[in-house]
Every structure is written in structure tokens, then in C-alpha cells.
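Just below is one structure, and these are the notes that go with it.
Position 1 is the first residue of the sequence, and the numbers go up from there. Counting convention: from 1, in listed order, for ligands and their atoms alike. Every value quoted in this text rests on a predicted model; they were computed, and no experiment measured them.
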Amino acid sequence: MRLVLLGPPGAGKGTQAKEISKRMSIPHISTGDMFRQAIKEGTELGKQAEAYLKEGRLVPDTITIGLIQERLTMPDTHNGFLLDGFPRTKPQAEALDRWLDGQGANIDYVLNIEVPREQILIRLTGRRICKGCGATYHVQYNPPQNSGICDFCGEKLSQRPDDTETVVSHRLDVYVEQTSLLVKYYREKGILKEIDGSHDIPEVTQAIGMALGSDWR
Ligand code: ADP
Ligand code: ADP
Ligand code: ZN
């Protein structure tokens, strides 16, 4: 199955993506994670992307589209994939459609995770991440067993540099201006599934399962 997760920053895309990816045995492809990895490794891509991530602006389409196309040629994507954080603009969505069409493939479903803005702010300011293994936590809603320490690899947790209030507020504006129009784009294609992301993590996972016709109880 080829899936896309849509929704504002902090909606819970990454959290749900990890679970869906495991249950459906399809790779979780997050452009945000790929950029952060490249920045950490100091690659050419990392150097190009760094300032954009820091300020909460979108990395230019040509760079982002090239990155995703390269990723989608890898053999682990042949039975499907789950895109998280891509596409984020109309040109990205169109490029993805053209590229898949060229392979005789298409996106099966787009899951649009909706969460009210007040809740998003609480989620993002309380988000903590592990730089060691990429796990995501929330100080209140999804805390690690030992405060500030990753359950999986024991690293100290940190806050993403773009999860400060000013950058978050800018990222939300960018979402409204450049990404939210993709809801209409995919609805018109008849592949959009609306997911209420305001419930707790397992409930949202279950709603996604039901939308996909999987029995995930
Ligand atoms: P969140 O999980 O908060 O939605 P991401 O981790 O998906 O954020 O993205 C972090 C940053 O990476 C974005 O603010 C943007 O700078 C960059 N980025 C990620 N995906 C894209 C994309 N598809 N197009 C352009 N920039 C992107
Ligand atoms: P996104 O990838 O859409 O930016 P994340 O999956 O990183 O969002 O989630 C943002 C923050 O909210 C994280 O700290 C995460 O632990 C927390 N979170 C995710 N889903 C829920 C939920 N359903 N209820 C409460 N908190 C959540
Ligand atoms: Zn870890």
C-alpha cells in the first residue's frame, strides 16, 4: 500500500507513521528526518537544508523532490511506503503523481490528521526527541519511563531547535499557506481519509486502521 500522511506540524504524523509502518511492513519515509540526518552528518544536502529547517521555512521544491525520488527508487519501497511530511506543496504533489504514474503506480490513500491549533502548540512545545535513535516523546502525553532518557537507546532526550514558540508559529503559517491546499487536491482525487487526531495515540492509530480497512484491535 502507498500512503501519504497529511496534517499540520505536531498533528502526530511521525508517531502514527512508526506504528502503521510496523503493522503494515512498509517503510516510513519522513523528509524531515532525512533532512535532520543530513544536517547531522554534514553532507551537501544538510548544508543546503540547514537554514530552512532552523527558520521553519520549506526547503525548495527541487531539492526536496530530488531527495524523495531517489528514496523511492530503493528496493524496500516496491511493496509500498508511507510518506510523512511529503508532499508539502502543490508542485511536490504533482511531481509525486507524475513520478508514480511513470512507474504505473499510484497513491492508495492520503490520511489527513486534523488537530486543533491550541492542542498542536501544547504537543510541539512538549515534544522531546532522541538524537540517538529518532524516537519521539511528549513530556506529558507520551513520556519515557525515566524522565529525559530514551527508552530504546538510553540517550538523553532533547528539544528540536525548531520547536520553539516563534518557529512553531511560523511553521503553522507555512502549513496554512502552502500545504493545507493539498487536502482539497487529494479530496478531489477521491483518496482522502479524514482522521480526527485529537484523541490519544492508540485511539488515533485505531481510527487509521479502520479508515484503511484493517482490523487493528
Ligand atoms: P513536523 O514533524 O513538525 O511536521 P518535519 O520534521 O516534517 O516537521 O519537517 C521539519 C522541517 O523540514 C520543515 O519545517 C521544513 O523546513 C523541512 N521539510 C520537511 N519536509 C519538507 C518538504 N516536503 N518540503 C520542504 N521542506 C520540508
Ligand atoms: P508530527 O510528526 O505530525 O509533527 P509528532 O508525531 O512528532 O507530530 O507528534 C508531536 C508531539 O505530540 C510529540 O511529542 C508526540 O509524542 C505527541 N503526540 C503525538 N500524537 C499524540 C496524541 N494523539 N495525543 C497526544 N500527544 C500526541
Ligand atoms: Zn533513542
Part of [X] with heavy atoms under 4.0 Å of ligand 1, whether side chain, backbone, both or neither:
| X | answer |
| --- | --- |
| R57 | backbone |
| L53 | both |
| R127 | side chain |

**Asked** Out of curiosity, is A11 lining ligand 2, as in a heavy atom under 4.0 Å away?
**Response**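 For ligand 2, residue contact (heavy atoms, under 4.0 Å) with A11 is present.
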What protein heavy atom sits nearest [atom], and how far off is it?
| atom | value |
| --- | --- |
| atom 8 (O) of ligand 1 | R160 NH2, 3.2 Å |
| atom 15 (C) of ligand 2 | T15 OG1, 3.8 Å |
| atom 13 (C) of ligand 1 | R88 NH2, 4.1 Å |
| atom 27 (C) of ligand 1 | F35 CE1, 3.7 Å |
| atom 20 (N) of ligand 1 | T31 OG1, 2.8 Å |
| atom 21 (C) of ligand 2 | I201 CG1, 3.4 Å |
| atom 4 (O) of ligand 2 | G10 N, 2.8 Å |
| atom 2 (O) of ligand 2 | G14 N, 2.8 Å |
| atom 24 (N) of ligand 1 | Q92 NE2, 2.9 Å |

**Message:** Do Y141 and L121 land in one hydrophobic cluster if side-chain heavy atoms of ILVMFWY residues count as linked below 4.5 Å?
**Reply:**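 In one cluster: no.
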**Prompt:** When hydrophobic residues are tied together by side-chain contacts of less than 4.5 Å, even through go-betweens, does I29 share a cluster with I107?
**Reply:**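 As far as the 4.5 Å side-chain criterion goes, I107 and I29 are connected within one cluster.
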**Request:** First locate atom CZ of F35, then atom CG of L45, and finally report the distance between them rounded to the nearest 0.5 Å.
**Result:**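 Rounded to the nearest 0.5 Å, the CZ-CG separation comes to 6.0 Å.
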**Prompt:** In ligand 1, which numbered atoms sit nearer than 4.0 Å to a non-hydrogen atom of L58?
**Reply:**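 Contacts of ligand 1 toward L58, numbered from 1: 25 (C), 26 (N).
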Under a 4.0 angstrom heavy-atom cut-off, which atoms of ligand 2 come close to [X]?
| X | answer |
| --- | --- |
| T136 | 7 (O), 13 (C) |
| Y141 | 25 (C), 26 (N) |
| Y137 | 13 (C), 14 (O), 16 (O) |

State whether the shortest distance between N or O atoms of [X] and N or O atoms of ligand 1 falls below 3.5 angstrom.
| X | answer |
| --- | --- |
| D84 | no |
| V59 | yes |
| S30 | no |

**Asked** Considering only heavy atoms, does I113 approach ligand 2 within less than 4.0 Å through its side chain, its backbone, both, or neither?
**Response**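 Within the 4.0 Å criterion, I113 makes no contact with ligand 2.
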**Q103 atom CD, over 12 foreign heavy atoms within 6.0 Å** =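 Correct, the count exceeds 12.
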**Request:** Report, as yes or no, whether the 6.0 Å neighbourhood of atom NZ on K131 holds more than 12 heavy atoms from other residues, nucleotides or ligands.
**Result:**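 No, the 6.0 Å shell around NZ holds no more than 12 heavy atoms from other groups.
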**From E203, H199, Q140 - option closest to atom 23 (N) of ligand 2 by heavy atom** =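 The option holding the nearest heavy atom is H199.
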**Request:** Look at atom 18 (N) of ligand 2 and find which of R171, K13, R123 reaches it with the closest heavy atom.
**Result:**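 Nearest heavy atom to atom 18 (N) of ligand 2 lies in R123.
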Ligand 2 and [X], any nitrogen or oxygen pair closer than 3.5 angstrom?
| X | result |
| --- | --- |
| V204 | no |
| P9 | no |
| G126 | no |

**Request:** Determine the sole option in R128, R171, K54, R123 for which the salt bridge (charged side-chain N to carboxylate O under 4.0 Å, His left out) test with D163 is passed.
**Result:**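 For D163, the salt bridge (charged side-chain N to carboxylate O under 4.0 Å, His left out) test succeeds with only one of R128, R171, K54, R123, which is R171.
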**Asked** When you draw lines from the Zn ion (ligand 3) to SG of C150 and to SG of C130, what angle lies between them, to the nearest 10°?
**Response**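 If I round to 10°, I get 110°.
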**Prompt:** Are any of the side-chain heavy atoms of P27 and S21 separated by less than 4.5 Å?
**Reply:**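 With C-beta onward as the side chain, the pair stays apart.
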**Asked** Taking C-beta and beyond as the side chain, do I195 and N112 meet within less than 4.5 Å on heavy atoms?
**Response**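 Result no, sub-4.5 Å side-chain heavy-atom pair not found.
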